[in-house]
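Note sheet for the following structure.
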Amino acid sequence: AKDGAKIMFLCSPNNPTGAILSEGEVRAYCGIAALVVLDEAYVEFSNEGSLVRMVEKFPNLIVLRTMSKAWGAAGIRLGYAVGDARIIEEMNKVKAPYNVNQLTQEKALEILDQEEQMRKRVAIIVAERLRLSVVLRRFGFSVWYSQANFLLFEAPEGTFQKLLDRGVLVRDLSSKIANALRVTIGTKEQNDQFLNILSS
C-alpha cells in the first residue's frame, strides 16, 4: 500500500457532511494493497444504496453495517461486518466469545421483520432532509449536500446558543469547520421548531 498503510477506513455516507463515495472511488481504494474497511452506518438514507455487493469482487474489502441508525436500534449495540470468508475467519479468532448475547440476537431478528416500517421512516427522513436543506438555503445558510440522516450547515456566530436557549440541541462543529453546525433530521414538528427558531 502507499506509504506502507495496511488498513484504510472509509465512511459512506460520512459524518459530518453526509457525502458518499462512488463505486468507482471505492474500487480505486480496493486496488491499493491494503485492507479497506467501508463503514456504511448511514447507507439506508442514501440514494445510492450499499456497496456490499463489491465484497465478492474485492477480497480486501470489509463492509460494516449497524442496527443503530435507520433501524432505530442503537440500544441493542449491534453491528455486523461483511467480507471475504478468510478475513471473517481471522476476525472470529480474535473476537470475544459470545460477544452478541441471545437477547440482542432475538431483538435484532424481531427488528429485521419490520423492514417495511423502517423504509417508511427513512423515506420521511429523506423528504424532511430535502425540505430542511431548501429552507436553510432560503435563509441564506450554506448547506452541504447530505445523504445521511443529518445536515451540516454554516450559520452565523451565535446560532448554536440561540437554538440551545430555545431547547434545540445541534452539534457544534465550528472547531473543525468554521461556523458549522450539524442537525439531525427529526420529526416534521421538531424540524418546524428548529426552522422557526432560525427564522426569528
Side-chain angles (χ1 to χ4, degrees), residues 1-102 104-119 121-123 125-126 129 144-152 171 173 176-177 182 184-185:
K2 289 181 182 177
D3 301 323
K6 293 193 172 23
I7 188 167
M8 181 183 309
F9 289 90
L10 308 171
C11 297
S12 185
N14 77 33
N15 183 1
T17 70
I20 60 163
L21 293 167
S22 70
E23 183 171 340
E25 288 171 311
V26 174
R27 186 181 301 273
Y29 287 122
C30 289
I32 299 170
L35 190 59
V36 177
V37 180
L38 178 63
D39 182 345
E40 289 189 333
Y42 299 98
V43 77
E44 286 89 353
F45 303 100
S46 164
N47 300 330
E48 305 302 319
S50 175
L51 294 178
V52 74
R53 66 186 178 280
M54 292 178 64
V55 166
E56 293 180 9
K57 294 180 183 175
F58 297 96
N60 62 325
L61 176 64
I62 298 173
V63 177
L64 304 181
R65 302 294 295 278
T66 181
M67 302 290 294
S68 294
K69 308 302 179 190
W71 291 96
I76 68 172
R77 311 299 296 164
L78 182 65
Y80 60 93
V82 180
D84 184 82
R86 289 167 295 182
I87 293 174
I88 300 300
E89 186 178 325
E90 292 303 312
M91 290 171 65
N92 281 334
K93 289 178 183 177
V94 295
K95 77 170 184 66
Y98 310 110
N99 61 312
V100 181
N101 66 60
Q102 183 177 345
T104 296
Q105 292 177 46
E106 289 172 3
K107 189 63 179 176
L109 291 173
E110 180 185 317
I111 291 166
L112 288 170
D113 279 339
Q114 301 168 14
E115 184 174 0
E116 186 178 343
Q117 293 94 315
M118 181 273 286
R119 298 282 173 211
R121 283 192 310 270
V122 166
I125 289 168
V126 168
R129 180 184 70 203
W144 278 257
Y145 178 67
S146 173
Q147 293 216 28
N149 66 336
F150 52 78
L151 286 172
L152 183 70
R171 178 79 48 93
L173 297 171
K176 296 178 175 68
I177 304 168
R182 197 199 81 176
T184 300
I185 308 301

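Counting from 1, the numbers follow the sequence of the chain as shown. Keep in mind that this is a model prediction, so the values were computed, not measured.
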- [ ] Begin with the C-alpha distance, continue with both residues' side-chain angles, and end with the deciding distance and a verdict on side-chain contact (heavy atoms from CB on, under 4.5 Å) for Thr104 and Arg77.
- [x] CA-CA 8 Å; Thr104 296; Arg77 311 299 296 164; over 6 Å; no
TODO: Please confirm whether Tyr42 and Phe150 have ring centers closer than 6.0 angstrom.
DONE: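 So the answer is yes for these two rings.
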Side chain [X], main chain [Y], donor-acceptor under 3.5 Å:
X      : Y      : value
Arg86  : Gly83  : no
Asn60  : Cys30  : yes
Arg129 : Ala148 : yes
Glu48  : Ser22  : no

For a quick test of reading the model, state the closest non-hydrogen atom pair linking [X] to [Y] and the distance between them.
X      : Y     : result
Gln147 : Asn47 : OE1-N, 2.5 Å
Val55  : Asp84 : CG1-N, 3.8 Å
Val82  : Ile88 : C-CD1, 4.4 Å
Ala34  : Ile7  : CB-N, 4.2 Å

Open item on the list: Please report the interatomic distance CD1(Ile20) to OH(Tyr145), rounded to the nearest 0.5 Å.
Closed with: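 Those atoms lie 7.0 Å apart.
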Task: Distance in Å, Tyr80 OH paired with Met67 CE, rounded so as to fall on 0.5 Å steps - done: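 Nearest 0.5 Å value for the OH-CE distance: 8.0 Å.
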Would you indicate whether [X], at its atom [atom1], is surrounded by more than 12 heavy atoms from other residues, nucleotides or ligands within a distance under 6.0 Å?
X     : atom1 : result
Lys95 : NZ    : yes
Arg53 : CZ    : yes
Tyr29 : OH    : no

- [ ] Test Leu152 against Arg171 for side-chain contact (heavy atoms from CB on, under 4.5 Å), laying out the working first.
- [x] CA-CA 9 Å; Leu152 183 70; Arg171 178 79 48 93; over 6 Å; no
- [ ] Kindly indicate, with the supporting measurements, whether the criterion side-chain contact (heavy atoms from CB on, under 4.5 Å) is fulfilled by Leu51 and Val63.
- [x] CA-CA 8 Å; Leu51 294 178; Val63 177; 5.7 Å; no
Contact check, side chains of [X] and [Y], non-hydrogen atoms, under 4.5 Å:
X      : Y      : result
Trp71  : Leu78  : no
Met91  : Ile62  : yes
Lys69  : Glu40  : no
Met118 : Val122 : yes
Glu89  : Asn92  : no

Side-chain polar contacts of residues 8-18 - donor-acceptor pairs under 3.5 angstrom, sequence neighbours left out - could you list them?
residue	atom	partner	partner atom	Å
Ser12	OG	Leu21	N	2.8
Asn14	OD1	Thr17	N	3.1
Asn14	OD1	Thr17	OG1	2.7
Asn14	OD1	Gly18	N	3.2
Asn14	ND2	Thr17	OG1	3.3
Asn15	OD1	Arg182	NH1	2.9
Thr17	OG1	Ala19	N	3.2

Open item on the list: Test salt bridge (Lys or Arg N to Asp or Glu O under 4.0 Å) on Glu110 and Lys107; report intermediate values, then the result.
Closed with: CA-CA 5 Å; Glu110 180 185 317; Lys107 189 63 179 176; 3.0 Å; yes
Task: Worked verdict on Trp144 versus Ile177 for side-chain contact (heavy atoms from CB on, under 4.5 Å) - done: CA-CA 12 Å; Trp144 278 257; Ile177 304 168; 3.8 Å; yes
